[in-house]
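What follows is one structure encoded as structure tokens, with my remarks underneath.
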Protein chains: 2
Amino acid sequence: METQTPDRSHVAELLRQHDIIPTHQRLVIAKALFSRRQHLSADQLLALVNQEHSEVSKATIYNTLNLLEKKGLVREVIIDPDRVFYDTYTIPHHHFFDVDSGMLMDIESEELRVEGLPKLPPGMIQEGVDIVVRIRHQ
Amino acid sequence: METQTPDRSHVAELLRQHDIIPTHQRLVIAKALFSRRQHLSADQLLALVNQEHSEVSKATIYNTLNLLEKKGLVREVIIDPDRVFYDTYTIPHHHFFDVDSGMLMDIESEELRVEGLPKLPPGMIQEGVDIVVRIRHQ
DNA sequence: GTCCATGCAAATAGTTTGCACCCGG
DNA sequence: CCGGGTGCAAACTATTTGCATGGAC
């Protein structure tokens, strides 16, 4: 089940555990992000955070997202040429992408896997595999 | 084997076959693009086209790439948050992405496939599957 | 008081738009 | 001539940088 609007101290603890100083802006951002499992672009997050009154600047949204990614709290998903999504579900998994609406959905199946992967170019190691299934309305 | 620097009339024919009026700018762009199988960003293509003397504007590069994509002559590949790549090899296939250098390589294997794909959300149809294997130096 | 991390205004980079111009009929 | 298609300057949008500020020791 999803966590609903986690309280400040809970989020603060999460940030501290990942070596991030829990400032006011970061708490507001993290609260919005981790209120549920979701995929948000920087712009969507900005709107969400400032919906009541302006609290955080655009630049801080970007910098905080980059920080959270570096610390492993969110994962970048690059599918849409227009914007990067940040996924609050950081365990490796794959995605459905609705090309009409631009919506991104997790593929829950753990059965999903790649078969027949050729050997890598010499001297290279595999860092990860991303599978995106593009879908649209019938 | 790759085609080497196709001549103007050959490229012009290719464009005409795809309902594109072969203007000077488009010929210069298409010649550079289709000289070999490759992955180029708009910026890389701009540099390539204008390396001797400035012949085509940035906007025209973008507009022409969009046109070629619409007409099925190139394929967009979205992997790097910083730029869209255009792939001159339009048959469906997958990619290695070198996260250090930002280089994109085709996966030649036809064995490669996805297993265990769950059923799609109701009312949706599958448009395609993209697999990206992220790799880096050991 | 010093230092370093932080937050944000301003700068930058990638892409699209709107319109002047040109070419074919 | 006239009209539609083209090419590009300028506008726009997403993201990063550089620096003034403020809190911790």
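From a predicted model like this one, the values you see are computed outputs, not experimental measurements. In what follows, every chain begins at residue 1, and chains take the letters A, B, ... in the order their sequences are listed.
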Any ion pair linking [Y] and [X] (charged N to carboxylate O, less than 4.0 Å)?
X	Y	answer
A/Arg83	A/Asp43	no
A/Asp87	A/Arg37	no
B/Arg113	B/Glu111	no

Note: contacts of residues 57-77 of chain B with DNA chain C (heavy atom, under 4.0 Å) are B/Lys58, B/Ala59, B/Tyr62, B/Asn63, B/Asn66
Find the distance [X]:[atom1] to [N]:[atom2] and express it as a whole number of Å.
X	N	atom1	atom2	answer
B/Arg83	C/dT15	CZ	P	10 Å
B/His24	C/dC22	NE2	C1'	15 Å
A/Asp19	C/dA5	CG	P	12 Å
B/Phe85	C/dT15	CZ	C1'	16 Å

Next on the checklist: D/dG5, OP1 or OP2 - any side-chain N/O from B/Thr23 closer than 4.0 Å?
Outcome noted: no
Check your understanding: B/Arg26 side chain N/O closer than 4.0 Å to the phosphate oxygens (OP1, OP2) of D/dG7?
Key -> yes
Among the nucleotides C/dA5, D/dT15, D/dG7, whichever has the atom closest to the side chain of A/Ile21 is C/dA5
Considering only heavy side-chain atoms of B/Gln25, the closest of D/dA14, C/dG7, D/dG7 is D/dG7
- Message: Pairing donors with acceptors under 3.5 angstrom, does anything connect the side chains of A/Asp98 and A/Ser101?
- Response: yes
Heavy-atom nearest pair, B/Arg75 first then B/Thr90, reads CD-O, 3.7 Å
Between B/Asp82 and B/Val56, the residue closer to the 5' end of DNA chain D by nearest nucleotide is B/Val56
Is there a side-chain contact between A/Ile20 and A/Leu73 (heavy atoms, below 4.5 Å)?
yes
